[in-house]
Amino acid sequence: MTTPELPTQYIPAEVEAPSYERWVSKGYFVADPGSSREPYCIVLPPPNVTGVLHMGHALDHSIMDALTRRARMQGKETLWLPGMDHAGIATQNVVERELAKDGLSRHDLGREAFVERVWQWKAESGGKIQGQMRRLGDGVDWTRDRFTMDEGLSRAVQTIFKKLFDDGLIYRAERIINWCVRCHTALSDIEVEHTDDEGELVSIRYGSGDVSIVVATTRAETMLGDTAVAVHPSDERYRHLIGQEVELPLTGRRIPIVADEHVDPAFGTGAVKVTPAHDPNDFEIGRRHSLPSLTIMDERGVITAHGPFEGLDRFEARPAVVAALRAEGRIVAEKRPYVHAVGHCSRCKTVVEPRLSLQWFVNVGPLAKAAGDAVRDGRTRIHPPELAKRYFDWVDDMHDWCISRQLWWGHRIPVWYGPNGEVVCVGPDEQPPAGYVQDPDVLDTWFSSGLWPFSTLGWPERTADLERFYPTSVLVTGYDILFFWVARMMMFGLYAMDGQPPFRVVALHGMVRDQYGKKMSKSFGNVVDPLDWIDRFGADATRFTLLRGANPGADVAVSEEWAAGSRNFCNKIWNATRFALMNGAAVGSLEGLELTAADRWILSRLQSVIAAADAAFEEFEFAKACDLLYHFAWDEVCDWYLELAKVQLSQGLDHTRLVLGHVLEALLRLLHPLVPFVTEELWRAVTGGESVVIAPWPVADQRYADPAAEAEIAALQELVTEIRRFRSDQGLKPSQKVAARLAMSGTAVAGHETAIRSLLRLETPGEGFTPTARLVVGGVTVEIDTAGAIDVAAERKRLEKDLAAARKEAAQVAAKLGNEQFMAKAPADVVAKVKARAEQAAADIARLEGQLAELAGRE
RNA sequence: GGGCGGUUAGCUCAGCGGUAGAGCACUCGCCUUACAAGCGAGGGGUCACUGGUUCGAACCCAGUACCGCCCA
């Protein structure tokens, strides 16, 4: 094999794009549902069509790519299915902003033209993230790329809507929903973000004289819509008032005082104002007591009617109402600032307004129960298991899901209304009766996203993909999406697929944070762009940095320094392989070779590392897998085996090339799922093969397990390290050769004199050899002529330090052995270990004391 | 207010009953012919606090303090 010319540094930019294009054009990532291999499938959580790649995606994608690349190498029929969702509100907002530049609104265009315009935007500007996924190296099957608004997926939406409707699980009702006064649409509970905001708590006296009561509120303006005051039935303070009416200030209306179990007597005055049209709890109270609902705001959050307040925005109305009440002497107390939780639109951050409105809902009761049961009975496993509780908390107490949105971009609700109030739900191949009018609203984006694990595989058709790849193997996502999306997919998957859950495992990871563990945010200025890292450090380094921090379910802190460290690691592998190739490393059979202890050691270690890496991958312990491979590659292969191999090669042990090739080739395969680009380049150079993407995953071969060789090399390492320490203490430069006499017959390292002399730059003593120092390590005596005056002080310092440590150890261990309880109750193996430590410590003490005495004699 | 998680080296995190670890940062010495994106050596921790269980606790239990997240 010819040795390719590799530059002395790994330059990611030169290999990444060509490798990726080759992978795709070779069709490595295209799954075949007709194969007989075991299926392995992951659906990509679809990013927004408006989205761009951020660190959270980079982590999520790195994990999925690692899992699917390994599965592919394991010989599984592997499908990683990509796609995007249509992001109703976000996308509509983007296009509306574009129109606004020309002074237009969507209403100027009309619905049809507007939707056409959105499709046009998608074609021109949407899906930037897909190009960015290629930069990261995502091995997705682009031939199966899906979009939630595609025809097939839209058909799935209509199909399941009809099925749910016919089963009575979708209904239309007037309820309090979360309303965004800016987006002019309803939102589901999960599209509302709660933050602790500063507001005010105002206590207002309703009524007068004997019939008067004080209520407290953070939203004083809503008092205009109050239709009752509620107190707890057993609250002695107010019992006499229950059933009476009280005068509502500013309005002249009289409202009843009702008793309701849900009032908390301990909160505030124990009396609450009831505004059924503008508060979900009040709505429930209103229902229980048949109270009227008075809507006092329009869809923009502007007060309607009510004299002087008419036309005021809700936030203008608040102080105006308080001022008017104060003028009437109604304000009993005011607390400002008063910090309380306020809901905001997750899309535009506007304060959400609870609003009474006619909307479509999913009755989630039976669906959520099934979603919980699938995890409870183990059909779907949540990993790490601690997070399952959060899932249960959510699905076991889920409110009905408001699915209608007052938008134009999305799947239009397939319900048509007849002239006499008829309501017809229309399936995919059905026609509405003539003269019927379709509901103007569209469905929540999460409604179609909830179908993702099966709609993308062809449902409702029983396609080959669906048969083969459903249920999918693993869902990888952040724990923050557990409720948003996972629960929805579980509900719909179980419902549509006859009780088969959409995933066997849900593997959750955390958020990516900055180097101080702070959340990345634009306002804080600590956002890192993964593409910037890919440009500067390479895709592999970016991925490795994220994966190396990815402990299951835990957040990942990253910084530029760590990315540089990962780049250095890639470079290390690069140079190790370069060295091996320069020395003729090759892949071939190891049968019949006369392996040295060093060979047997590294081969033995390789088997342990394969087994450990496998175990880590199986449990989604990516940080562990990275750490393991990092240390094996750097500390064992590069630092020790390569140095020992140099010695072997110089001794003419040509088989070393095969061992080098074998170990590196396996290491590159092990690393490939984590750092695909550099491993591809090097693996091809080492093997001359087509691609590591389709190479088999390493399997540990216990025939190579060799504890004796491991012990032998450990002894060698101890000796070498100890003498290096001496050299360093004595100020001997690494390159400086010194004469030394080694007495090591009968020790574990007896056969390694050449390697020891080479690694330590120790020359064979010549005529008139006069050692200036004598060291004893593990039974080996090393006499060295330091070629000058020995630094006795440095040597004494080191020996004394070691002696102190040995004495401390001896004392600790002696205390244990002298403890009757310990001797009686501790397990035998522990006692044996402690005894061994005691013997070692005693030997160390004797040796060190001897060396110190010898040193004293020379002063 | 309810629930969950965390508190281990300067920073970020592993370890989860039997001799305190990693990466980065730091100190010293080296352009030793794969790699200075490197090599060798080294310093650094009463494992938040208080009790308890145990022969033995960073690890198990209880409580406290602080931090974070989710839900209301």
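Note that the structure is predicted; figures quoted are calculated from it, not measured. Residue numbers begin at 1 in each chain, while the letters A, B, ... track the order of the sequences.
Counting only heavy atoms from C-beta on, A:P734 has its side chain closest to B:U32 among B:A34, B:U32, B:A37. Taking only side-chain atoms of A:R390, from C-beta outward, the nucleotide of B:C69, B:A14, B:U12 with the closest atom is B:C69.
Separation of the P atoms belonging to B:A20 and B:A36 is 38 Å when rounded to the nearest angstrom. B:A62 and B:U19 have their C1' atoms separated by 29 Å, given to the nearest Å. B:G44 and B:G52 have their C1' atoms separated by 32 Å, given to the nearest Å. Comparing the C1' positions of B:A48 and B:G68 gives a spacing of 15 Å, expressed to the nearest Å. For the C1' atoms, the distance from B:C66 to B:A57 is 23 Å, rounded to whole Å. The separation of B:C16 from B:C59, taken at their P atoms, amounts to 13 Å, rounded to a whole angstrom. Nucleotides B:G6 and B:G63, compared at atom P, are 16 Å apart to the nearest Å.
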Could you summarise the pairing of RNA chain B as dot-bracket text, marking Watson-Crick and G-U pairs under 3.5 Å with ( ) or [ ] inside the strand and | across strands?
((((((((.[[[[.)..(..]]]].(((((.......))))).....[[[[[..)....]]]]]))))))).
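Using a 4.0 Å cut-off between a side-chain N of Lys or Arg and a carboxylate O of Asp or Glu, A:R796 and A:D729 do not qualify as a salt bridge. Salt-bridge annotation for A:D844 and A:R847: present, with a side-chain N of the basic residue lying under 4.0 Å from a carboxylate O of the acidic one. Ion pairing between A:D802 and A:K797 fails under the 4.0 Å rule for side-chain N and carboxylate O. Here A:E763 does not pair with A:K737 in a salt bridge; the nearest charged N to carboxylate O distance is not below 4.0 Å. Ion pairing of A:E353 with A:R219 is present here, as a side-chain N (NZ or NE/NH1/NH2) and a carboxylate O approach within less than 4.0 Å. One finds a salt bridge joining A:R536 and A:E560 here, because a Lys/Arg side-chain nitrogen approaches an Asp/Glu carboxylate oxygen to under 4.0 Å.
For B:A14, neither phosphate oxygen OP1 nor OP2 lies less than 4.0 angstrom from any side-chain nitrogen or oxygen of A:K624. Using a 4.0 Å cut-off, some side-chain N or O of A:N551 falls inside it from OP1 or OP2 of B:A14. For A:K733, a side-chain nitrogen or oxygen approaches OP1 or OP2 of B:C30 to under 4.0 Å.
For the 3.5 Å distance criterion, the side chains of A:Q9 and A:W574 fail to qualify, holding no donor opposite an acceptor. Using a 3.5 Å distance cut-off with no hydrogens or angles, the side chains of A:D599 and A:Y641 do pair a donor with an acceptor. Side chain to side chain, A:S758 and A:K646 fail the donor-acceptor criterion of an N or O pair below 3.5 Å. Side-chain N/O atoms of A:D555 and A:Y479 include a donor and acceptor closer than 3.5 Å.
Within 4.0 Å (heavy atoms only), A:K833 reaches no atom of the nucleic acid at all. When heavy atoms are screened at a 4.0 angstrom cut-off, A:D639 is found touching the sugar-phosphate backbone but no base atom. Among the heavy atoms of the strands, none lies under 4.0 Å from A:A564. Contact annotation for A:C638: base contact, defined as any heavy-atom pair under 4.0 Å involving a base atom. Residue A:Q515 is classed as a sugar-phosphate contact, given heavy-atom separations below 4.0 Å to backbone atoms only. Among the heavy atoms of the strands lying under 4.0 Å from A:L642 is at least one base atom, whether or not backbone atoms are also near. Note on A:E560: nothing from the nucleic acid sits closer than 4.0 angstrom, heavy atoms only.
Near RNA chain B, defined here as any heavy-atom distance below 4.0 Å, there are no residues from residues 659-666 of chain A. For RNA chain B, the residues of residues 719-729 of chain A within the heavy-atom distance limit of 4.0 Å (strictly under) are A:T721, A:R724, A:R725, A:S728, sorted by number.
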Between protein and nucleotides 53-60 of chain B, what N or O pairs are separated by less than 3.5 Å?
unit_1 : atom_1 : unit_2 : atom_2 : d
B:C55  : OP1    : A:K825 : NZ     : 2.3
B:C55  : O2'    : A:N819 : ND2    : 3.0

Between the protein and nucleotides 20-26 of chain B, which nitrogen or oxygen pairs are less than 3.5 angstrom apart?
unit_1 : atom_1 : unit_2 : atom_2 : d
B:A22  : O2'    : A:H631 : NE2    : 3.1

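Under the side chain to side chain contact (heavy atoms under 4.5 Å, CB included) test applied with A:V720, the options A:Q717, A:E722, A:R724 reduce to a single match, A:R724.
Scanning atom types as modelled, one donor and one acceptor separated by under 3.5 angstrom connect the side chain of A:K572 and the base of B:C35.
Every residue meeting the salt bridge (charged side-chain N to carboxylate O under 4.0 Å, His left out) condition with A:R807, not counting sequence neighbours, appears here in chain and number order: A:E849.
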